[in-house]
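Below is one structure, written out as structure tokens, with a few remarks after it.
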Number of protein chains: 4
Amino acid sequence: MPLQTFDNLPEDKRQRIIDCAVDEFAQHDYASASISKIVAKAGIAKGSLYQYFNDKTDLYTYLLDLVSQTKAKMMAKAFRQENRMPFFESLLALFSVMASFELQYPKLAKIGYKATSGKSPLPEDLLIKGKQATIQYFVTLINQGKATGEIRPDIDAEIAAFIFVSALSEMGNFVSMKTGIDKNIEDSGKPTPAQLSEIERLYQQVIMILKNGIAN
Amino acid sequence: MPLQTFDNLPEDKRQRIIDCAVDEFAQHDYASASISKIVAKAGIAKGSLYQYFNDKTDLYTYLLDLVSQTKAKMMAKAFRQENRMPFFESLLALFSVMASFELQYPKLAKIGYKATSGKSPLPEDLLIKGKQATIQYFVTLINQGKATGEIRPDIDAEIAAFIFVSALSEMGNFVSMKTGIDKNIEDSGKPTPAQLSEIERLYQQVIMILKNGIAN
Amino acid sequence: MPLQTFDNLPEDKRQRIIDCAVDEFAQHDYASASISKIVAKAGIAKGSLYQYFNDKTDLYTYLLDLVSQTKAKMMAKAFRQENRMPFFESLLALFSVMASFELQYPKLAKIGYKATSGKSPLPEDLLIKGKQATIQYFVTLINQGKATGEIRPDIDAEIAAFIFVSALSEMGNFVSMKTGIDKNIEDSGKPTPAQLSEIERLYQQVIMILKNGIAN
Amino acid sequence: MPLQTFDNLPEDKRQRIIDCAVDEFAQHDYASASISKIVAKAGIAKGSLYQYFNDKTDLYTYLLDLVSQTKAKMMAKAFRQENRMPFFESLLALFSVMASFELQYPKLAKIGYKATSGKSPLPEDLLIKGKQATIQYFVTLINQGKATGEIRPDIDAEIAAFIFVSALSEMGNFVSMKTGIDKNIEDSGKPTPAQLSEIERLYQQVIMILKNGIAN
DNA sequence: CATGAATGAGGGTTCATTCAT
DNA sequence: CATGAATGAACCCTCATTCAT
């Protein structure tokens, strides 16, 4: 975890450091990500970074946490009041939240994505945790749907959840392939309205197919 | 392309080198994959590798080719005689082939998987080509299915194909999560019969869901 | 150009690094000069050198600049007040300066010398520039001498200048052959008075011959 | 010295090897010259070269000998019958021979030239020997000229000889600068007649200046 | 708390040389 | 006598990390 000195930093400086670190880890492996380049871009001394974080792994862990928390925050905002929706509305909402996350924080999404594959300095369990947590959330929803009869009873909740999450996490790549929006471009302007409506269509089609796949 | 010296190598030695290289590139980025570690594991001199391959990129390209060709070989074997099957049988067969590939050559699958995302020394087009080619194959199948009325006409073939491929390529991770078979373990013994039947069930469930998702 | 970190270095350390680099590049090609040997001799870490210079070429360029500037400084000191001297006095002065340079900084002279022939990482033009600049300086002097009637009009200024420069640049080798002063020896003590007077005689003889060669 | 196996080689093959070695050592330092590239160009096995020569130094020594012998052969041919010429005719002849050598065997000349400066695996004395031998030859001639009264008695024979040799050895570079003939170009066609006459003029000017420099 | 120079291990690559075939 | 794969030291360069200021 970051040392307390990091929290004492002026807001803009702290944010600048985070941004540069996110940029770097979104583009490279854990191993290939370069501390030197992060501090260079952020305009801080190399030693300073080691007063905020114990080491490279510490910084990386911090970013992974940032991914989880940001996603969680979006979830929380979306699901604040509505406790009980029909399943497919819940699903749509959830799906929509995660899609928004991909669109709003493409680099964070990429970091989380990279973390699930390939060796990393963190215990494997910790890494998969993120994905499994998401899957579990879907599993819960699906089981509720089965209880209300909205979903066919012969559906294996975990497998269905897995397909949903997979499609979702790959969606980002597909979107950029189809729309030409490169998630890696740093100063990517906002997507155009035309692109946004195309993205909207992509997500609805996906949801429709998956819905048909499991609906009763 | 590898130098001819590589082909002249005794079979076991050549295979050992390939295995070690596959191990390394399956676990790491192109950038982080270490030639030094490969030769150390393979028990050859560092200079020797450079008599087999021009450079790191050359070795990497060779592995990517190995991925394509291995997959192609499995496809060829599976689709030899049956030119025209009902769509969902074709799909099942195709899906089954790719699943087998993931199971039999998990590391090769991982290398191909890594190649489609993140920076690499190869022209981006060449890299995405693999995935897009697979998607196109599914698109063709789906369009045929729409023509024969097996698939609902309002399905966007490309999106459906994308979901299939995504689920497929992520499946490996899911399988190892569920069965405890670690794809990264080098000397992974064969999966037990119990594991195999569980895997079988997973794939069939996935296919069922996807089939329901698009069937007429 | 060297990074600013190099200028911030304690004088003695900076000088030690320069000396070792000069030693190495005076003895070897650009290609064969070894960074590893430089840092070993200088007693610094290999990584440190790369905090002073971007790369090998950067260090080399710095040394070439050092050659030019050192020579220029000696020239400036010698030619401060006397704007218009009779030609052969000018020539003598100039010749004397360059000879002093060869004697005082034999290794720098050697580096500059090497740079004019053989392949190097710098644009060829930039490399020859040094030598050609020197030749041009002589050409100007000689043409002035022709104008004042001191020099025979049928002399080709450029060719004469070339002979002067050639003799000058080879002189160092000759001096060490005759006097036993090895230019390569690092801790060469100062030349003895006897050696100095012999050197003086050598230069005067050379000048005399060349003077007779072109005088009117 | 080369092993006897080298002499047993078919003439064309032996010559091809020599040519490629000359090319390489003319372009690079002793240290940078690459055995690998020589055998690659010559189209022979790397091991073969080590059956002709003990090692890199052996090959290098062989080439240096080739330089001496080629030059000696040209001298011998030029000075066969005429035992006693007036000094300046002797000088002209000698000068002309050495110029011819530079023009006919620019690469050999370059190898010899490189050998006199920079560290090499051979004992320094052996290296300077070549140059000193040439100087001694001039010294003898000049002393004869002094005896016959053609040359001023106050001329230091050794210094004069040194200037001659220096001018001569640098001449090659100057010629290529002025005429655009690159000595390094491998497949350099013959010089044009216009270039040849310019070269002729250059050499005559040089000789004239030097002659005036020492004539009585 | 900020700094940034110092460090040395490790990265990919090339090399002269050897030796079994 | 020809071959060319094997070798490991050395090449230039980058890196995460430390520590004196």
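Every chain is numbered from 1, with letters handed out A, B, ... down the list of sequences.
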*Separation of B/I35 atom CD1 from F/dC11 atom P, in whole Å?*
21 Å
*Give the nucleotide from the list F/dA5, F/dT3, F/dA16 with an atom nearest to the side chain of D/A45.*
F/dT3
*State which of F/dT3, E/dA2, F/dC1 makes the closest approach to the side chain of A/S48.*
E/dA2
*To the nearest 0.5 Å, what is the distance between OG (A/S68) and CG (A/L108)?*
10.0 Å
*For D/T5 and D/Q51, indicate whether the former's side chain and the latter's backbone hold a donor-acceptor pair under 3.5 Å.*
yes
*When you check the phosphate oxygens OP1 and OP2 of E/dG10, does a side-chain N or O of B/S34 lie under 4.0 Å from one of them?*
no
*Using a cut-off of 4.0 Å on non-hydrogen atoms, how would the nucleic acid contact of A/L9 be classed: base, sugar-phosphate, or nothing?*
sugar-phosphate
*Could you check how far OH of A/Y52 sits from C1' of F/dA16, rounded to whole Å?*
17 Å
*In whole angstroms, how far is the P atom of E/dC1 from the CG atom of A/L49?*
15 Å
*asked:* Could you check whether any side-chain heavy atom of B/Q15 comes within less than 4.5 Å of a side-chain heavy atom of B/I18, counting everything from C-beta outward?
replied: yes
*Given that C/S32 and D/T5 both sit by DNA chain F, which one's nearest nucleotide is further toward the 5' end?*
D/T5
*Shortest side-chain distance from C/K56, nucleotide among F/dT17, F/dC12, E/dG11*: F/dC12
*What is the distance from CZ of D/R14 to C1' of F/dC1, rounded to the nearest Å?*
16 Å
_B/S36 side chain near E/dG10 phosphate (N/O to OP1/OP2, under 4.0 Å)_ = no
*Send over the distance from A/Y30 OH to F/dC15 P, rounded to a whole Å.*
14 Å
*Using only side-chain N and O atoms of D/N8, determine if any of them is under 4.0 Å from OP1 or OP2 of F/dC1.*
yes
*When the distance from CZ of C/F53 to C1' of E/dA5 is rounded to whole Å, what number comes out?*
14 Å
*Specify the separation, in whole Å, of atom CG of B/D58 and atom P of E/dT14.*
12 Å
*Look through every strand shown and name the nucleotide pairing with E/dC15 as Watson-Crick or G-U wobble, where both distances are under 3.5 Å.*
F/dG8
*Start at the 5' end of DNA chain F and walk down; is the nucleotide closest to B/I44 or to C/K37 reached first?*
B/I44
Could you list all N or O pairs between the protein and nucleotides 18-21 of chain E that sit under 3.5 Å apart?
none

_One pair to check against ring-ring contact (aromatic ring centres under 6.0 Å, His included): C/Y62 and C/F6. What are the steps and the verdict?_
CA-CA 11 Å; C/Y62 175 75; C/F6 189 56; 5.6 Å; yes
_Whether A/K107 side chain and A/F25 backbone form a donor-acceptor pair below 3.5 Å_ = no
*asked:* Strictly distance-based, threshold 3.5 Å: is any side-chain N or O of A/K56 a donor or acceptor partner for the main-chain N or O of A/A31?
replied: yes
_Quick one, C/Y30 with C/T57, criterion side chain to side chain donor-acceptor pair (under 3.5 Å). Give me CA distance, side-chain angles, the key distance, then yes/no._
CA-CA 9 Å; C/Y30 170 81; C/T57 298; 2.7 Å; yes
*Answer yes or no: is there a donor N or O on one side and an acceptor on the other, between the side chain of B/E24 and the main chain of B/A33, under 3.5 Å?*
no
*Under 4.0 angstrom, heavy atoms only, what part of the nucleic acid is B/A33 near: base, sugar-phosphate, or nothing?*
sugar-phosphate
_d(CG, C/L59; C1', F/dC12) in whole Å_ = 12 Å
*Quick one: is E/dA5 close enough that its OP1 or OP2 comes under 4.0 Å of any side-chain N or O from C/K13?*
no
_Pairing partner (Watson-Crick or G-U wobble, both distances under 3.5 angstrom) of F/dC1_ = none
